[in-house]
Amino acid sequence: MPELPEVETIRRELEREAVGKKIKTVEVHGTRTVRRQTKKAFATKLDGAKITSVDRKGKYLLMRLDSGDVLVIHLRMSGQLLRAAAKDPLPKHTHVVITFTVGGQLRFVDPRTFGEMFVTSPDQLTEEVPELAELGFDPVDEAVSWQTFGHLLMAHKMKLKAFLMDQTIIAGLGNIYADEILFAAGLRYDRQTDSLSTQEMRRLYRSVVETLHDAIKYGGSTLADEQYVDLNGKPGEYQEHHKVYDREKLPCFRCRRANISKAKFAGRSTYFCEVCQV
DNA sequence: CGATCTACCTGATGGC
DNA sequence: TGCCATCAGGTAGATC
């Protein structure tokens, strides 16, 4: 589910809601969410720790603890982090409950159980989570020059959508934002990375940054199934600003001539305008 | 190395 | 109403 804008929205709320709080107890249900370490090791490392800061890299959330450890969270397709009071009824598929000494609970709810959480020390981070060390640059957190972006494009011979979604090149883009970015840039998903003019490279990079900032401004995207909600259970609003995603057969906002097309690319639905994207 | 598929899961939806 | 197939925001690992 969540891509960079949704994870960033949650990160900002956690910064306000969780930083400074001390963990009293940790409950883990089932075996899927905490799977890289035992539930006991997970809970022991969290017990009594205070959250000092919340970082994000791509779609990963990193909650730093005063013990020096870091709580790593990836929501994958259907994970939600929810703030709640201890007396609030537990939703179905609640896998982890963190209770603070003051200020309620943080809950991890995840129907499809692809998401995960674990605690480790910073020096073991790259060893235990190699994919984290492999992540490319974060386009919101660490902007690069368009020339650097251009070099990355030239260095990877592949189709544009595959390039945008490759977490080892750019961290944080998924299926929705890849399509929205390509529409904003006026480029087709199946263009080859090394076929872009200088102007197209600049336009693509600007679209990456602007689309993501815009989506964060509106609190991310929530689709019809309401799987993405923020810490307080509220949906985002950026779906109202989607130009192509989930708009098959609807008229293109830009050219007003073509209807949005839907294709399959790398097993994923891909939405685009045949006229505006070349 | 890249491209493509499959698996991990539950739940919503649409066709019959 | 039920049954079945398909699809869903992500990613790792196998295979070719």
Side-chain angles (χ1 to χ4, degrees), chain A residues 1-10 29-36 56-61 72-81 91-96 108-118 126 128-136 138 152-182 189-194 211-212 215-216 218-230 235-242 244-249 262-271:
Chain A
M1 138 182 80
E3 304 179 31
L4 188 154
E6 291 76 32
V7 179
E8 176 62 16
T9 301
I10 294 171
H29 304 111
T31 56
R32 297 262 316 145
T33 301
V34 178
R35 53 185 183 260
R36 299 199 195 212
R56 179 188 56 74
K57 172 101 186 189
K59 301 170 194 170
Y60 288 84
L61 278 170
V72 182
I73 305 172
H74 197 304
L75 304 170
R76 289 295 217 280
M77 293 283 264
S78 59
Q80 303 176 335
L81 280 176
K92 204 172 168 184
H93 307 299
T94 301
H95 304 304
V96 176
F108 184 80
V109 178
D110 184 13
R112 292 175 76 178
T113 70
F114 294 169
E116 67 171 312
M117 295 177 100
F118 62 92
T126 53
E128 291 190 28
V129 207
E131 62 272 24
L132 200 54
E134 303 277 303
L135 284 181
D138 186 296
L152 287 171
L153 277 168
M154 301 301 284
H156 295 86
K157 246 180 96 68
M158 56 172 90
K159 293 192 166 132
L160 279 186
K161 184 162 178 178
F163 174 85
L164 291 177
M165 290 181 61
D166 188 329
Q167 303 299 304
T168 69
I169 305 172
I170 310 173
L173 300 182
N175 204 37
I176 293 180
Y177 294 104
D179 282 4
E180 292 298 323
I181 287 164
L182 287 166
Y189 65 95
D190 53 359
R191 272 283 289 281
Q192 285 292 130
T193 45
D194 58 357
T211 301
L212 293 175
I216 292 168
Y218 287 100
S221 304
T222 299
L223 302 189
D225 57 14
E226 301 239 330
Q227 289 217 53
Y228 165 68
V229 290
D230 68 12
E237 288 174 5
Y238 191 67
Q239 66 282 359
E240 293 161 27
H241 301 266
H242 288 177
V244 287
Y245 190 84
D246 207 17
R247 294 199 67 245
E248 188 189 10
K249 296 188 175 138
K262 182 179 179 180
K264 242 338 171 225
F265 174 76
R268 318 291 300 277
S269 296
T270 297
Y271 300 87

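Side-chain atoms are counted along with the backbone in the values below, which use heavy atoms only and exclude waters and symmetry mates. Numbered from 1 within each chain, the chains take letters A, B, ... in sequence-line order.
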Does a donor on one side chain sit under 3.5 Å from an acceptor on the other, for A/His242 and A/Ser221? yes
If you measure only the distance, is there a donor-acceptor pair under 3.5 Å linking the side chains of A/Thr113 and A/Arg32? yes
For A/Tyr245, which contact category applies under a 4.0 Å heavy-atom criterion: base, sugar-phosphate, or nothing? sugar-phosphate
Just the rounded figure in Å: distance from C1' of C/dA8 to CD of A/Glu3. 12 Å
Separation of atom CG in A/Asp179 from atom P in C/dG10, rounded to whole Å: 11 Å
Have a look at A/Lys159 and say if it touches a base, only the backbone sugar-phosphate, or nothing, with a 4.0 Å heavy-atom cut-off. nothing
d(CD, A/Glu248; C1', C/dC7) in whole Å: 13 Å
Closest approach of A/Pro2 to A/Val7 (non-hydrogen atoms, all atoms of both residues): CB-CG2, 4.0 Å
Using a heavy-atom cut-off of 4.0 Å across all strands, would you classify A/Thr168 as base, sugar-phosphate, or nothing? nothing
CZ of A/Phe265 versus P of C/dG10: gap in Å, rounded? 14 Å
Of A/Ala224 and A/Lys157, whose closest DNA chain B nucleotide lies nearer the 5' terminus? A/Lys157
Span of DNA chain B in contact with chain A (heavy atoms, under 4.0 Å): B/dA3 to B/dG11
Measure the CE-CD distance between A/Met165 and A/Glu3 for me, rounded to the nearest 0.5 Å. 7.0 Å
How are the rings of A/Tyr60 and A/His74 set relative to one another: parallel (under 30°), tilted (30 to 60°) or perpendicular (over 60°)? perpendicular
Look up atom OH in A/Tyr271 and atom CG in A/Leu182, then write down how far apart they are to the nearest 0.5 Å. 15.0 Å
Report the residue (A/Arg112 or A/Met158) whose heavy-atom-nearest nucleotide on DNA chain B is the more 5′ of the two. A/Met158
Taking the P atom in each of C/dG2 and B/dC9, what is the distance between them to the nearest angstrom? 27 Å
Whether A/Asp190 and A/Lys159 form a salt bridge (side-chain N of Lys/Arg under 4.0 Å from carboxylate O of Asp/Glu) is what I want to check. no
Would you tabulate the pairs of protein nitrogen or oxygen atoms and nucleotide nitrogen or oxygen atoms of nucleotides 11-14 of chain C closer than 3.5 angstrom?
unit_1 : atom_1 : unit_2  : atom_2 : d
C/dT11 : OP1    : A/His74 : NE2    : 2.9
C/dT11 : OP2    : A/Lys59 : NZ     : 2.7

Does either side chain, that of A/Thr222 or that of A/Tyr238, offer a donor lying less than 3.5 Å from an acceptor on the other one? no
All stems that DNA chain C takes part in, i.e. 3 or more consecutive Watson-Crick or G-U pairs with distances under 3.5 Å, are B:2-8 with C:10-16, B:10-16 with C:2-8
I'd like to check the side-chain hydrogen bond (donor to acceptor under 3.5 Å, both in side chains) partners of A/Arg247; sequence neighbours left out, ordered by chain and number. none
Which salt bridge (Lys or Arg N to Asp or Glu O under 4.0 Å) pairs, counting each pair once, include a residue from residues 171-180 of chain A, with sequence neighbours left out? A/Lys161-A/Asp179
Go through the structure and list residues passing salt bridge (Lys or Arg N to Asp or Glu O under 4.0 Å) with A/Glu131, not counting sequence neighbours. A/Arg36
